[in-house]
Chemist: 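Here you go, one structure.
Note: hydrogens, waters and symmetry copies are ignored here, and every other heavy atom, side chains too, is used. We number each residue from 1, following the sequence as shown. Since the model is a prediction, treat every value here as computed from it, not as a measurement.
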Amino acid sequence: MEGTPAWARGYAVCVALGALLCTLPSLPGARTPWWAVALLAALYAGGERIARRRFGGTLHPVLLAGAFLLAPAAAALVPLPGALFSHVERRPFLLRRVWRAAHASLAVGAAAQVHAALGGREAVAGSDVPYALLPAGAAVLVFCAALALLNGGMLALAEGLPLWRACRGLFLRSLAPLAVHGLGGLMMAVLWLSPYGPVAALLVLFPMAVSWWVFAQYHRERAAHQATIRALVQAVDIKDGYTRGHSERVGQASVLIGRELGMDESRIDMLRFAGILHDVGKLGVPTRLLRKDGPLTPQERRVIELHPEYGHEITRGISFLGEARSAILHHHERIDGKGYPYGLVGSQIPEPARVVAVADAFDAMTSTRCYSRARPVQAALEELRKCAGAQFDPRMVAALAHAIARDGWHPVVTAEEDRPAVPAQAFDDRSEVRR
């Protein structure tokens, strides 16, 4: 949250006040089972410290077990000690801890409210497992939606992302893991109220820890993949400073097209990699050609047109890229067969390459370079439509236009944006996008 706008900090404070109001009914005078709250809170606090440091996750089964066992106000207390005293890596430490506690507290309270309204607590107390699944499932959905809404609101305020897109992405990514954690929480709650008591409930955490370890390995492997990609992209950005940030924006536009076409998440990830790495072959092109301000000679153009093949060779040994390598090799092919390097026609061009081709041209037109001034988004889309059917796949062009018309174009680039000054006389209005 360091460096976030004041209104984003204000949003965090409002969420904290909401969490405080949510927990007030549990204060003295109400029949709150404090021993159960304290035990679950201690379990969450201890487990959370281990989970965040060793597994990079959070102890959601305990929070959901609290939602299934306790009244909403009491359940909202469970995450507070663990979150307020948790380790945070960046400043402002206090605000980050308060935010972590407040949004978890509100989400648990909302889940407990829904669970109780659907008769879940009676089903858990009676070990009526088939019936208990329905309110538990509804509670998990509410828990997931509340976390996505609260975190999405923070992302929208802090980073300027569209609220709907931020919430949808968070919800879809966390739904499957939370469904598994919800089953673990339900098993904990049923065993907690069984004749075997809370000790038996703790045994549920052992298989959960194993599944966590598997997920942690997956995330570590994914982080290694992303570090590999970042290193390659930084190398390209250093070599060709005029197109700094281009790779990330092409990756984001490729994702927009893939989502509009209804591709599954694994292919979306592949498209992101393909878009980000599509120009990695420029590492094999002489820097003087990439930075040349004037027109290219035919021989120089032929040298630059070798970069898809260089990129394919550079990424040959990176197995996790899979289908993305075909996009790196063929993203300059044209539907009419006039592209390069192999002059493929229509459906002969791999689908990811057709996606990246549209995303690449769109960002090239909407970005200022040494040889062309950035065009408005609508002008770039109109140019893509004119070239659809000849240079670009009309389906990909329509998908990008629909996605931008609905959500707008808000690229988030982590690369430095301080580009070298562009001489005014170097601008021209050539419609052809130089690659």
Chemist: Quick check: do Val397 and Asp393 have side-chain heavy atoms less than 4.5 Å from each other?
Modeler: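 Of all side-chain heavy-atom pairs linking Asp393 with Val397, none is under 4.5 Å.
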
Chemist: Under the 3.5 angstrom rule, does the side chain of Arg97 hit a backbone N or O of Ala83 as a donor-acceptor pair?
Modeler: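 Not a single qualifying donor-acceptor pair exists.
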
Chemist: Quick one: do Glu351 and Arg354 satisfy salt bridge (Lys or Arg N to Asp or Glu O under 4.0 Å)? Show the steps, please.
Modeler: CA-CA 5 Å; Glu351 188 178 47; Arg354 284 178 270 149; 5.4 Å; no

Chemist: Are the side chains of Met188 and Phe68 in touch, meaning some heavy atoms are under 4.5 Å apart?
Modeler: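 No - every pair of side-chain heavy atoms lies 4.5 Å or more apart.
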
Chemist: Between Ser367 and Arg249, does any side-chain donor sit less than 3.5 Å from a side-chain acceptor?
Modeler: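 The answer is yes; a qualifying pair exists.
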
Chemist: Quick check: does any side chain N or O of Ser105 sit under 3.5 Å from a backbone N or O of Ala101, one acting as donor and the other as acceptor?
Modeler: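 Side chain of Ser105 to backbone of Ala101, a donor-acceptor pair under 3.5 Å: no, none is there.
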
Chemist: Quick check: do Leu329 and Pro341 have side-chain heavy atoms less than 4.5 Å from each other?
Modeler: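 Yes, at least one pair of side-chain atoms sits under 4.5 Å.
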
Chemist: Got a second to check how far His278's NE2 is from Asp363's CG, nearest 0.5 Å?
Modeler: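 Interatomic distance, His278 NE2 to Asp363 CG, rounded to 0.5 Å: 8.0 Å.
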
Chemist: Among His312, His330, His332, find the residue that satisfies the ring-ring contact (aromatic ring centres under 6.0 Å, His included) test when tested with Tyr342.
Modeler: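 With Tyr342 as partner, His312, His330, His332 yield a single ring-ring contact (aromatic ring centres under 6.0 Å, His included), made by His330.
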
Chemist: Would you say Glu333's side chain and Leu344's backbone share a donor-acceptor pair under 3.5 angstrom?
Modeler: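 Side chain of Glu333 to backbone of Leu344: a pair is present.
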
Chemist: How about Met270 and Pro352: do any of their side-chain heavy atoms sit closer than 4.5 Å?
Modeler: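 Heavy-atom side-chain distance check passes, below 4.5 Å.
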
Chemist: In sequence, state the C-alpha distance, the side-chain angles, and the governing distance for Phe273 and His225, and then conclude on ring pair (Phe, Tyr, Trp, His ring centres under 6.0 Å).
Modeler: CA-CA 10 Å; Phe273 292 154; His225 294 170; 7.1 Å; no

Chemist: Please find out if less than 6.0 Å separates the ring center of His307 from that of His331.
Modeler: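 Yes, they do, as the ring centres are separated by less than 6.0 Å.
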
Chemist: When rounded to the nearest 0.5 angstrom, what is the spacing between CG in Leu149 and CH2 in Trp164?
Modeler: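 Leu149 atom CG to Trp164 atom CH2 measures 10.5 Å (nearest 0.5 Å).
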
Chemist: Which atom names give the shortest non-hydrogen contact between Arg272 and Val255, and what distance separates them?
Modeler: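 The answer is CB-CG2, 3.7 Å.
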
Chemist: Counting only N and O atoms by type, is there a donor-acceptor contact under 3.5 Å from the side chain of Tyr310 to the main-chain atoms of Ile304?
Modeler: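 Not a single qualifying donor-acceptor pair exists.
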
Chemist: Let me see the working for Trp409 and Phe362 under ring pair (Phe, Tyr, Trp, His ring centres under 6.0 Å), right down to the final yes or no.
Modeler: CA-CA 11 Å; Trp409 174 236; Phe362 172 73; 5.3 Å; yes

Chemist: Is a side-chain N or O of Asp279 found less than 3.5 angstrom from the main chain of Lys282, in a donor-acceptor match?
Modeler: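 Checking the backbone N and O of Lys282 against the side chain of Asp279, no donor-acceptor pair under 3.5 Å is found.
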
Chemist: Do Ser194 side-chain atoms and Tyr196 backbone N/O form a donor-acceptor pair below 3.5 Å?
Modeler: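 Looks like yes, one N/O pair under 3.5 Å.
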
Chemist: Return the minimal non-hydrogen interatomic distance between Leu40 and Leu69, and the atom names on each side.
Modeler: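 Taking Leu40 first and Leu69 second, the nearest heavy atoms are CD1-CD1, 4.4 Å.
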
Chemist: Give a yes or no on whether the backbone of Thr315 and the side-chain of Arg325 come within a donor-acceptor separation of less than 3.5 Å.
Modeler: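 Here the side-chain-to-backbone pair exists.
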
